[in-house]
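Take a look at the structure set out below.
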Number of protein chains: 2
Amino acid sequence: MTARETNPNFMNGVPELLILKLLQKEEMYGYEIVQALRNRTDAVIAVGEGVVYPVLHSLERDKALKSRRKIVNGRSRIYYMITPAGLRRFADLSETWTNLAVAIQQMLTGAQYDKAFS
Amino acid sequence: MTARETNPNFMNGVPELLILKLLQKEEMYGYEIVQALRNRTDAVIAVGEGVVYPVLHSLERDKALKSRRKIVNGRSRIYYMITPAGLRRFADLSETWTNLAVAIQQMLTGAQYDKAFS
DNA sequence: AATTATACCTAGTGATTCAAGGTATATGTC
DNA sequence: GACATATACCTTGAATCACTAGGTATAATT
C-alpha cells in the first residue's frame, strides 16, 4: 500500500463558503440567504432551505456565526452575523476553493507542463 | 411549500469529469489515471484508487467508456477509452461545471448586479 | 375563505468520497 | 534468498453532505 494523502471530501463546503461570503457584507436571515443565492447566481446555485438552515446552525455551533432574533412587520427573523472565527474559516474555504477551481480549469483547458523536472 | 427546483447534488461529479477529460486524449488505465491527476494538478486533486476504480466501472456500465485488457511487461492492465456517449457526457458535465465555477467566482469577487429588473 | 408568501425547522434518503483494507506480480536492495 | 517497494487490480464500510419532502406558524393577497 502506498501513502494516501488525499483531500477530505474535496468537493464539498460550497454552500458554507457562499453563506459566509454573503454575511461578510451584512447580516442576513436564512430565508433571505436562500433567495439571495438564487437571485445573484441566476439560479445556477439553487440550494434550498434544507441546505441553508443546517449550515447556519452548524456554523453557529462552531462560533463562526452569531445570531439575534428580530421582529420585522410582525415576523420573527433570525439574523446571522459573521465572527472573527467565521472570517478565518471563510479565508480557508475560499483559498481551498480557488486552488481547486484553478486546478480543474487547467485540466479542462489542457495546460501541458508535466513538471517531470523539479 | 414553495416550488423547489434545486440542482441534484451540484458539487459532485468532478472526478468523473476529469477522468473523461483525460481519456479524451488517449486511452489510459486506472492506476495511471490516479497518478496523472495527482501529478498534473500538483496534488491539489488527489483522488485515490477507491474513487477512480468505481467511477471507471460505473462509466463503463453506462457505455461512456469501453475497455480492453493488455499485458505490458508481464503486468495486466485494463485500458479505458471514451465512447461517443462518453463524449456527450463530458460535454454536459463540462458545461455544468463551468457555469457553476463562474457563478461561484462572481459571488466571491462580489459582482453586483442584483437584476431586480427583468 | 382560501391561497400564496414569508419564515422557521428536521428527518430520512441517496449520492459520492474517503479510509483502509485485500490480492498478485515485478523490481530493487541487502 | 529475504524483504521492501512499486505496480496494478479490487471492494467494503464509514462519513459527509446535499436533496427531498415533509412540518409549523403568521401575514398578505385574492
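Note on naming: letters A, B, ... go to the chains in the order of the sequence lines (proteins, then strands), and numbering restarts at 1 for each one.
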Can you tell me the distance, in whole Å, between the [atom1] atom of [X] and the [atom2] atom of [N]?
X      : N      : atom1 : atom2 : result
B:I104 : D:dA18 : CD1   : P     : 11 Å
B:L17  : C:dT16 : CG    : C1'   : 15 Å
A:Y31  : D:dA27 : OH    : P     : 15 Å
B:E49  : D:dC10 : CD    : C1'   : 9 Å

Among D:dC10, D:dA18, D:dA8, the nucleotide that comes nearest once only the side chain of B:R77 is considered: D:dA8

Closest nucleotide among D:dC9, D:dA18, C:dC8 to the B:I78 side chain: D:dC9

Phosphate OP1/OP2 of C:dT10: any A:Y53 side-chain N/O under 4.0 Å: no

N/O (side chain, B:H57) to phosphate O (OP1/OP2, D:dC9) under 4.0 Å: no

Partner residues of A:E16 under the salt bridge (Lys or Arg N to Asp or Glu O under 4.0 Å) criterion, sequence neighbours left out: A:R89

Comparing B:Y80 and B:Q35 on DNA chain D - which has the more 5′ nearest nucleotide: B:Q35

Set of ring-ring contact (aromatic ring centres under 6.0 Å, His included) partners for B:Y53, sequence neighbours left out: none

For DNA chain C, the residues among residues 62-76 of chain A that have a non-hydrogen atom under 4.0 Å from it: A:R75, A:S76

